[in-house]
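Worksheet: one structure, shown below.
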Amino acid sequence: MKGDTLIKELDCEILYRRKEGGTKDLRSFIASDLMSDVLLVDNEIDILITSLSTAQAIRTADIVSAIGVVIVNGKPVSADMKAAAKEFDITLLRTKLSTFQTCGIIHRLKEHAA
Amino acid sequence: MIDKNIPIKAEDSASLILDLIYQLKIKDVMSRDLVVACAQDTLHHIKTLMKQRNVTGIPIVKKDRLLGILSIDDIFKALDNGYMDELAEKYMSKKLVILEEDMPLAFAISYFDKFKYGRFPVVDKDNLLVGMITSRDINVGLLMAINKEVSRMEEMLAQNAPVDAKNFRKVFRIRKYDFEHAGIASNRIKKLLTERKHDPRDIRRVAVAMYEMEINITVHSEGGTLTVAIDQDRAEIVAKDAAPGIENPELALQEGYSTANEWIKSLGFGAGMGLANIRRVSDEFEFQSSLGKGTTVRAVIYFKNKKGEEHDH
């Protein structure tokens, strides 16, 4: 699925969009609030879904070469986090949906695409 | 970025000073040689004490418990109004701004800016008076710490081999609880490896190992260093901290074992996966720790995949 589909379906607010935003086909997602769990995953990660709204989530996303972070539960995002998103050129989105709802929608979209 | 309450500009101050004001605790710089008086002493007696000991403020105590402070301004008022024979307890300030000895020095600096007092009493965990801190104590303490740091950095510089195009070596200093910067060193190394067109799988392994080490130093130690050495065949990362060390190293290696507090967990860390994760991605892994002596973790990752090689994920 493309980034625009994700943004539309999750009703996301775009806090930062990476320079090549919207081009990549998004295939792999991970949802976790524990950054160590994110680092534990071996395969490619496109999007990190988390309620951790600090610069640390962006830095973790950079380590695993994710291209986007979705903040759930409409949590407030610090200026630091936005600055980090810009620095590492990682798309930063925010949805009012919960992790559960977000994952449910993404799962449905993936099923649909397949 | 630095706390906006501290009157030091992060952008034009040496990062060493910024490091130090967070590393040093108030107890490291405060004066312990206290001049104190009792609530039943007369203002006259306190004036004499101030003159003899050359201080401008005296804590009034009862068995190490702080009751108030009498400043030279209180003495001036008493002289003007002629009540020098009265007791300290009547005129001392009881609305006290107090610092705790375990707070970082940055805290004291922000207090001097915020409250405009010349000195602050310092208490210990049991709320007993253990020292006084003035801006002079801070200056002296910082200068001494800078001296020490500079000699240490010179030593470190000597250890750093010259960098050529193929070999890279760098020492990163990591501060305790500095979540603002935790991870940045790893992001930089990842960028470097990406620029050198290493295989993404190898980059990922190096970045994950280093990131976990960086977070570990930030969360669990009193601060330390990360030494990264990269040549054509491999990356070696050594994390070293001086304290406090790990009581049970065997246990620490187990997945899920964590000593992190709730506050650290709320920041997304402390799931007990750090060391296990480092070991998982590394080709060589060494871990040494003993209580009071600090911890050293060494990880080596071989670049197994050819640079810039196309591959499936």
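Naming: A, B, ... by sequence-line order, numbering from 1 per chain. Computed from a predicted model, the values in this text were never measured in an experiment.
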(message) Keeping A:R59 on the side-chain end and B:N187 on the backbone end, is there a donor-acceptor pair under 3.5 Å?
(response) no
(request) Could you list which of residues 7-33 of chain A have a heavy atom closer than 4.5 Å to any heavy atom of chain B, in residue-number order? (result) A:D33
(request) Select, from B:V206, B:V281, B:I184, the one with the greatest count of heavy-atom pairs under 4.5 Å involving chain A. (result) B:I184
(request) Check each atom of A:D37 against the heavy atoms of chain B and say whether the ones under 4.5 Å are side chain, backbone, both or neither. (result) side chain
(message) Quick check against the 3.5 Å criterion: does B:R280 have a side-chain atom that pairs as donor or acceptor with the backbone of A:L40?
(response) yes
(message) Tell me the closest heavy-atom pair linking A:I63 and B:S186, and the distance in Å.
(response) CD1-CB, 3.7 Å
(message) Take a 6.0 Å sphere around NZ of A:K2 and say whether it holds more than 12 heavy atoms from other residues, nucleotides or ligands.
(response) yes
(message) For chain A, which candidate among B:R205, B:M210, B:E212, B:K191 shows the most heavy-atom pairs at distances under 4.5 Å?
(response) B:E212
(request) Check each atom of B:Y211 against the heavy atoms of chain A and say whether the ones under 4.5 Å are side chain, backbone, both or neither. (result) side chain
(message) Using side chain to side chain contact (heavy atoms under 4.5 Å, CB included), reason through A:L39 and B:R204 one step at a time and then give a plain yes or no.
(response) CA-CA 9 Å; A:L39 299 173; B:R204 171 90 156 255; over 6 Å; no
(message) Looking at B:E195, I want to see if its CD is surrounded by more than 12 non-hydrogen atoms of other residues, nucleotides or ligands under 6.0 Å.
(response) yes
(request) Against chain B, label A:L34 side chain, backbone, both or neither, depending on which of its atoms sit under 4.5 Å from a heavy atom there. (result) both
(message) Can you tell me which portion of A:T60 sits under 4.5 Å from chain B's heavy atoms? Options are side chain, backbone, both or neither.
(response) both
(message) On a heavy-atom basis, which atom in A:S36 and which in B:G274 lie closest, and how many Å separate them?
(response) OG-N, 4.4 Å
